[in-house]
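Take a look at the structure below.
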Amino acid sequence: MHRKYSNELCPEMDGQEVRVAGWVEDVRKLGSIAFIILRDREGRLQVTAIKKEMGKERFTELITLPRESVVEIKGKLQKSAEARMGFEILPTEFKVLSKAEVPLPLGVVDKVNAELDTRLDNRFIDLRKDEVRAIFKVKSLVCAGIRNYLLGNGFVEVHTPKIVFAGAEGGATLFEVEYFGRKAFLAQSPQLYKQTLMATGLDRIFEIAPAFRAEPSDTVRHLSEFISLDVELAYINTSEDVMQVLENLVAATIEYVVKNGEKELKLLNCEVRVPKVPFRKIPHRECLEILKSMGWHGGVDIDTEGEKLLGEYIMQNYGEEFLFITEFPTELKRGTFYAMRKDENPELTGYFDLDYRGQELTSGGQREHRYEKLKTQMLENNLKLEAFEPYLKAFRYGMPPHGGFGLGVDRFVQKMLNLTNIREAVLFPRDRLRVTP
RNA sequence: GCCCUGGUAGUGUAGUGGUCUAUCAUCUAGGCCUGUCGAGCCUGGGACUCGGGUUCGAAUCCCGACCAGGGCGCCA
């Protein structure tokens with residue numbers, strides 16, 4: 001007899017023998033009868049144990065199982081007006097597959113909430129809650145939506161190394177690893193590799209992979225390990241071409257999630273809106289003017305508060321959630337040595353950020369593909385060219401114009417689902433203080 | 001790294017110098033109950049982060065460490 005999930009059973013199967021298995025979520029004892037709520041991947045069902053039918057010993061063994069024990073039950077499905085699902089299972093046989101210790105470090109259905117830290121320490125139990133698992137089903141849909149769009153538009157999925165010879169932007173935020181007696185690093189971004197691939201004929205590539213940052217950031221939107229979607233495309237004319245791919249990708253991905261994740265979004269109480277393309281694009285300098293008119297006291301860079309205000313601004317004035325901040329001044333992108341500056345105005349780049357509900361989700365733009373200019377910009381940053389030789393070499397033997405972006409997948413999920421902390425969107429988050437579980 | 005706030009049963013909390021053999025809920029153990037579904041009722045159980053200090057007396061005040069929550073910088 002095949003094991004059935006709870007959603008494969010129905011009142012119309014009245015009288016059939018069935019086999020089910022799952023976690024004992026709750027036992028409601030009423031003396032000679034007890035109701036066991038059994039939870040599996042798909043939902044819950046009620047097992048009704050009756051003492052005089054089972055015999056005192058087996059009855060007691062079943063109904064005294066600690067909560068969250070795993071049990072397999074064979075029994076007769078019976079239509080029932082009293083049971084929530086319209087049916088219940090009268091056990092004839094059962095097998096305890098795994099008894100749970102008491103007390104639980106974290107309740108699954110307790111009537112008190114647990115703090116995030118407690119939940120993360122006991123993530124495997126935390127994930128037994130439907131609404132917590134739903135976050136990761138949505139995340140899976142986000143990745144599927146991304147792949148679906150990109151593969152359908154001529155992009156090739158690639159994998160670049162995560163143990164690397166140099167960082168993308170200097171050495172301050174790199175995790176060092178000992179590599180057979182030599183010094184290597186965990187990749188903070190696939191930047192150098194995805195650019196290198198533009199010199200190969202793959203032309204349009206993407207990667208969904210972890211990135212590592214040793215920044216001592218301590219916020220609800222930073223992690224030391226996060227999932228980065230990186231996209232790079234060759235033979236572009238300007239950063240506009242990159243933005244177009246990005247906005248279409250984001251809109252298509254959200255549409256995919258809305259279409260396929262209806263149940264999860266409802267469970268999470270989230271209304272996700274599919275954005276219209278093209279997204280609004282406002283140059284950096286105009287953003288500063290808007291912010292000043294809103295009473296913002298910032299400098300030349302848009303800070304966290306500025307981002308939030310801009311998010312409110314486009315929501316109030318246009319009812320939109322996405323905003324491209326374009327034409328970042330060179331001054332702010334100097335560290336991004338590979339950013340192309342405008343030939344007609346070297347003080348500006350074509351670089352952009354994409355903000356989602358007032359938070360940065362992506363940055364990208366056209367890269368500098370001309371060897372001499374790239375070298376000059378690297379020297380400006382005091383980078384040792386020898387250390388970047390494997391990267392630079394790719395620019396000397398035919399490198400087409402190209403550009404791309406990196407998008408924080410965890411952050412995308414966080415903003416989409418309105419999660420207050422990015423850690424909620426990561427199964428086992430890594431931050432400055434947390435390396436376990 | 002900086003600023004603010006906090007750390008009390010398994011979980012979540014009340015308690016700001018003696019009235020604390022520390023509150024409440026949840027949980028847990030046992031009991032009653034054949035229709036529960038946030039089951040109900042009865043009886044038990046379980047905690048002051050660690051190390052110094054002040055004081056006749058510290059969960060409470062001070063110092064340090066560790067940890068957590070939020071904010072900033074930076075970023076995805």
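Letters A, B, ... are given to chains in the order of the sequence lines, protein chains preceding strands, and every chain is numbered from 1.
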Quiz item: Of the nucleotides B/G12, B/G35, B/A76, which has the atom closest to the A/Gln46 side chain?
Solution: B/G35
Practice problem: Counting heavy atoms from C-beta on, name the nucleotide in B/U34, B/U36, B/C74 closest to the side chain of A/Lys52. | Solution: B/U34
Exercise. Give each stem of RNA chain B as a range with a range, requiring at least 3 consecutive Watson-Crick or G-U wobble pairs whose two distances are under 3.5 Å.
Key: B:1-7 with B:66-72, B:10-12 with B:24-26, B:27-32 with B:40-45, B:49-53 with B:61-65
Self-check item: side-chain N/O A/Asn122 vs B/G10 OP1/OP2, d < 4.0 Å
Solution: no
Quiz item: Is the distance from OP1 or OP2 of B/C75 to the nearest side-chain N or O of A/Thr219 less than 4.0 Å?
Solution: no
Practice problem: Check whether the aromatic ring of A/Phe35 stacks on the base of B/G35, taking stacking as ring centres less than 5.5 Å apart and planes within 30° of each other. | Solution: no
Exercise. Starting at atom CD of A/Glu215, determine the distance to atom C1' of B/C2, rounded to an integer number of angstrom.
Key: 16 Å
Practice problem: Could you tell me the separation between the CD1 atom of A/Ile50 and the C1' atom of B/G35, rounded to a whole number of Å? | Solution: 9 Å
Quiz item: Hey, is NZ on A/Lys76 packed in by over 12 heavy atoms from elsewhere, all under 6.0 Å?
Solution: no
Exercise. Return the 5'-most residue of the pair A/Asn421, A/Ser224 with respect to RNA chain B, ranking by each residue's nearest nucleotide.
Key: A/Asn421
Quiz prompt | Of A/Ile227 and A/Val112, the one whose closest RNA chain B nucleotide lies more 5' | solution = A/Val112
Self-check item: Nearest-angstrom distance, C1' atom, B/U23 to B/C62
Solution: 27 Å
Quiz item: Angle class for the A/Tyr313/A/Tyr318 ring planes (parallel below 30°, perpendicular above 60°, tilted otherwise)?
Solution: perpendicular
Practice problem: Kindly assign one of parallel, tilted or perpendicular to the pair A/Phe337 and A/Phe388, based on the angle between their ring planes and the thresholds 30° and 60°. | Solution: perpendicular
Quiz item: Does the side chain of A/Lys4 come under 3.5 Å of the side chain of A/Ser6 through a donor N or O and an acceptor N or O?
Solution: no
Quiz item: If you measure only the distance, is there a donor-acceptor pair under 3.5 Å linking the side chains of A/Gln195 and A/Gln191?
Solution: yes
Self-check item: Minimal non-hydrogen separation, A/Ala425 against A/Val413, with atom names
Solution: CB-CG1, 4.0 Å
Quiz prompt | Protein-to-nucleotide contact annotation, 5' to 3' order, nucleotides 40-49 of chain B [B base; S sugar-phosphate only; - none; under 4.0 Å, heavy atom] | solution = ----------
Quiz item: Base, sugar-phosphate, or nothing for A/Thr304, non-hydrogen atoms under 4.0 angstrom?
Solution: base
